[in-house]
**Student:** 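Quick one: the structure is below, questions incoming.
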Amino acid sequence: MAQIAKVIVDVPTMQTNNPYSYLIPPALANQIQIGMRVVVSFGRGSRKVQGMVVGIDNESSFEGQLKEIDAVMDLQPVLNPELLSLANYLAESTFAFTISAIQTILPNSLKAKYEKVLTPTDTIEEAARQKYFATQPDMIFDENKLSTEDVSELLRLRRTNQISISYVVQDRAKAKTQVVIERAMTTSQLEASLAEVRKGAVQQKKLLQLLMDANFQTISQPALIESTGISNATLKTAEEKGWIVRRRIEVRRDPFKREVAATRPLPLQAEQQTAVTAISEQIEQDRYQAFLLEGVTGSGKTEVYLQTMAKAIEKGKTALMLVPEISLTPQMVNRVKGRFGHEVAVLHSGLSDGEKYDEWRRIERGEARVVVGARSAVFAPLENIGIIIMDEEHESSYKQDESPRYHARDVALWRGRYHQAPVVLGSATPSLETRARAEKGLYTRLVLPHRINHQSLPEVSVVDMKDEIRNHKESNFSSQLLASIKEKLQRKEQVVLMLNRRGYSSFVMCRDCGFVLMCPNCDISLTLHMDSHSMKCHYCGHEEAIPTICPNCQSRKIRYYGTGTQKVEAELKDILPEARVLRMDVDTTRRKGAHEKLLQAFGQHEADILLGTQMIAKGLDFPNVTLVGVLNADTSLGIPDFRSSERTFQLLTQVSGRAGRAEKKGQVIIQTFNPEHYAIQLAKTQNYEQFFAYEMKLRHESNYPPYYYAIQITTSAATEADAAKGIFKIAKQIREHLSAQSIVLGPTPQTISKIKKRYYYQLIVKYKKEPALGNLLEKVLQESQKTGRTGLQVSINPNPVSFM
DNA sequence: AGCACGCCGACT
DNA sequence: GTCGGCGTGCTC
């Protein structure tokens, strides 16, 4: 006799982070299932909130009076048992609220929208009634749309019971539907009807003729009206007379309408075959096993993905493929669609909420058995998963940097284990964590050491910019790079130039006193934007005029310092006026689809030089590119983070892979001020193994991941003192309970200690084994709830991708 | 989150 | 004296 539902309510706080019991009213007794969304009354005002049913029971340990569930929002569960238990895993492992985990797993459209509705009571003042309720019986209360005066007046009316507030939970999930017209009678019946229609009814006769046509097929109502001019009224009559049936069907917004030509599996090289066989064997035996597929750019990893996915599909299972957002290009998607056709669903950030929901529904209904997508696609509602692929597994974008701070790789491994399916982590430059696990035998390591078609790796040279500066005037281009560019342009070949912008920007500095223009809200320098002729803050968007005299010493020698893509572009135009340059950075790719358009233009040789930031390092494949230049390799080395060498190595290796992918030999020139640095030297020889060994040694010596686990705790507050006080208190608490082998770094102000007028402090705990740490941190969070009201916020980030 | 309750300052 | 500030506790 189940009658009590356990509901996680949509109130993301520590105190409400557990299921609440609600009575299931008899009317809903047979309807409510675990995994459905419901509307419940919550709190004193019984405001309506959305909730998720996570259990059904016939008793509750709650002593008080139970409320009833108000309504069910779904006809069938939106979360199956797997995803529900995944939500729990997420919440637990990332210190997030269960409801936040659930929201993350569900598509945006299934998140509730709340509206406050104001209704006048009979005691309302006549003036107020005239002002607010003259035209409508109630009004939607939206603080952003009303003036401050109106808001305070309405609140006063509320206090004096002249109006009442009710809450409406709105379901945003609307599958796009269309009305279709179906014939509901046989031809002879229709003929009989035709005879009965009165003489003047031209429209009705026309419709009947149409329906009697042997070629008549079910047609959408708008299409019918459009092509025949038959009116809606006529159709209504026809429906009443029983000639037709009008039905609402779900249609899909198709973001990739074009058909993709089918492709066949490509022949495999020996190592690829070995990999495919090893992975297929696990699929065949329904066994969970993680693989590290390590292969240089151009070694044919994608073909291994496609053929193993095909294996899973063949076995009647489904396949999930994750790629970084930036690699999710139409070329990439088309490669998968070429193999799996209509079975493919694509999930990426460019889709509208509605489109995402449509794809989600297709997957859920089993219409799409192959899913390709970026980070959040790891939650795709696939059942019976046969294989999970994660390409470029080292990419830091797989980790979400807001709560829940999950890493898609961890989720992929969790789901692989749940479904007893292999998980393939692919990369040319695996993260140290993954490579180390392969070393330990936790993952099976598969290596693709050769480029297909026996292309040679590009020839990489390193230019010492210190010498350049000594010998020449200040320039972004060394003489060697410039000579190479000219040579390639003469041969009508193309060049890719990368400006490493990580931790770097073009700011304004006074040459006399060293003053740097800073953001008043955040602890970073303002960046110069020549397109808008202003100084902008990249964190809060603050914008001000470019200074002509130094605000500190009144000198006129306040100049740009550092390099932005715009400045490099200007210099290029100056030195090589005949070269056609395409600039690709955040500014030129902000608009949807701009990224793709630029690349397409470059692919069709509409430009000679592609100049961009790190976004050009990924996944582009232009056979005519024979030179890749890295203008400033070391800016990412200067970042005070334990992963800065790893990042730099990965970036340089990856961008080098862009050169010479066809029959033409590629050349790479890396400009740096630290030519001896191991990350740069080893990127030059493309020697991942040596880099791995060396970096592991360093990590071991200084007790960093992957030798130690790390967890980052951050406090923020409106004043620096409050943030500091908060973090020191937590530090003290943690130190008391920590075992001797664990290490606490800090507390320290964060590298960027002030963002949007809030101050940030952090501390890092490095540990090997600390079974009680989870509970301790849970307690810290509990306590922070009390102080949270006064403005101190605490956030916990397990396994941070950086310590910054 | 949002609401009520409860305790202190400045007004009709 | 009350109105209303926001600090605190609680929501099945």
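Sequence lines set the chain letters: A, B, ... in the order given, protein chains first and strands last, and positions in each chain run from 1. Fair warning: this is a prediction, and the values are worked out from it, not measured in the lab. FYI, side chains are in, hydrogens and waters are out, and symmetry mates aren't considered; it's all heavy atoms of this structure.
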**Student:** How many whole angstroms separate atom NZ of Lys6(A) from atom P of dC12(C)?
**Tutor:** 14 Å
**Student:** In whole angstroms, how far is the P atom of dT11(C) from the OH atom of Tyr22(A)?
**Tutor:** 11 Å
**Student:** What integer distance in Å separates Tyr20(A):OH from dC12(C):C1'?
**Tutor:** 7 Å
**Student:** Side chain of Arg44(A): nearest nucleotide among dA1(B), dG9(C), dC12(C)?
**Tutor:** dG9(C)
**Student:** Taking CD1 from Ile165(A) and C1' from dG2(B), how many angstroms apart are they, rounded to a whole number?
**Tutor:** 10 Å
**Student:** Which nucleotide, dT11(C), dC12(C), dG2(B), lies nearest any side-chain atom of Phe62(A)?
**Tutor:** dC12(C)
**Student:** List in chain and number order the residues that pass side chain to side chain donor-acceptor pair (under 3.5 Å) with Gln103(A), two or more places apart in sequence or in another chain; answer none if no residue qualifies.
**Tutor:** Asp10(A)
**Student:** Tell me, please, which residues at least two apart from Tyr89(A) pass ring pair (Phe, Tyr, Trp, His ring centres under 6.0 Å).
**Tutor:** Trp414(A)
**Student:** Measuring from the side chain of Arg158(A) (C-beta onward, heavy atoms only), which nucleotide among dA4(B), dG2(B), dA1(B) has the closest atom?
**Tutor:** dA4(B)
**Student:** Where each residue is assigned the nucleotide of DNA chain C containing its nearest heavy atom, which of Arg156(A) and Thr16(A) is assigned the position nearer the 5′ end?
**Tutor:** Arg156(A)
**Student:** Between Asp10(A) (CG) and dT11(C) (C1'), how many Å, whole number?
**Tutor:** 14 Å
**Student:** Write down the distance between CG (Leu157(A)) and P (dG4(C)), rounded to a whole number of angstrom.
**Tutor:** 12 Å
**Student:** Please report, rounded to the nearest Å, how far the C1' atom of dT11(C) is from the CD atom of Gln65(A).
**Tutor:** 14 Å
**Student:** Taking the side chain of Lys67(A) as heavy atoms from C-beta outward, which of dA1(B), dG2(B), dC12(C) is closest to it?
**Tutor:** dC12(C)
**Student:** Looking at side-chain heavy atoms only, is the closest gap between Ile730(A) and Ile734(A) below 4.5 Å?
**Tutor:** yes
**Student:** Once you round it to whole Å, what is the distance between P of dC10(C) and CZ of Phe42(A)?
**Tutor:** 13 Å
**Student:** More than 12 non-hydrogen atoms from neighbouring residues, nucleotides or ligands closer than 6.0 Å to OH on Tyr709(A), yes or no?
**Tutor:** no
